[in-house]
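I'd like to ask some things about the structure below.
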Amino acid sequence: MAERNVRKLPDPVLRQQALPVTRFGAYLDKLLDDMLETMYATDGVGLAAPQIGISKRLVVIDVGEGPIYLVNPKIIESEGEAWAIEGCLSIPEKIGKVKRAQRVVVEALNPQQELIQVEGEGLLARAFQHEIDHLDGCLFIDRATELYDNYPDEDQEDTTLGEA
Ligand code: ZN
């Protein structure tokens, strides 16, 4: 595994519509491993491939319950609404208040190219929505109703989605 460099605004790759993954096997497995390592190294709870400069529809998430790999994910059900403060590894200087669905169901392929459905509530649902937004070039600052300066050295226990 190798840690990759996290792309930050104004890197244009963060604003592109990412392409579906069509190639499976060793290349994809290596890429997902690198994404996971990069996410853990930067204390993130989620990472989308565009954040390491690869404009493909790939997401890794770990909200403390083990890694989830999503290839070509889409939200097929969403319910309720929840407000929380979000941050993003690609926009380290800002955090913001964002409304998301409280519960979502995501359909995706796993790395073995099998169709899966994953349900998430609360923080996990938020991570799904934040990361899938990245695949469409959408960032939390586009959705935030209030933005604040972030001070990365300070305790962020009050944020529900640290960095993603
Ligand atoms: Zn993000």
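All residue numbers in this chain count up from 1 along the given sequence. Remember, it's 1-based here, ligands and their atoms both numbered in the order they're listed.
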Not counting sequence neighbours, which residues clear side chain to side chain donor-acceptor pair (under 3.5 Å) with Arg57? List them please.
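Counting only residues at least two positions away or on another chain, Arg57 forms a side chain to side chain donor-acceptor pair (under 3.5 Å) with Asp136.
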Give me the protein N, O or S atoms that fall under 2.8 Å of the Zn ion (ligand 1), sorted by chain and residue number.
Cys88 SG, His130 NE2, His134 NE2, Ala164 O
Which pairs count as salt bridge (Lys or Arg N to Asp or Glu O under 4.0 Å) when at least one residue sits in residues 9-19, sequence neighbours excluded?
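Residue pairs with at least one partner in residues 9-19: Arg7-Asp11, Arg15-Asp142.
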Which salt bridge (Lys or Arg N to Asp or Glu O under 4.0 Å) pairs, counting each pair once, include a residue from residues 105-124, with sequence neighbours left out?
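Output for this query lists Arg103-Glu119.
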Kindly compute the distance separating CE (Met35) from CD1 (Ile61), expressed to the nearest 0.5 Å.
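Between Met35 CE and Ile61 CD1, I get 9.5 Å after rounding to 0.5 Å.
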Crowded around Lys74 NZ? As in, over 12 foreign heavy atoms under 6.0 Å?
no
Any salt bridge between Arg100 and Glu86, counting N to O under 4.0 Å?
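A salt bridge links Arg100 with Glu86.
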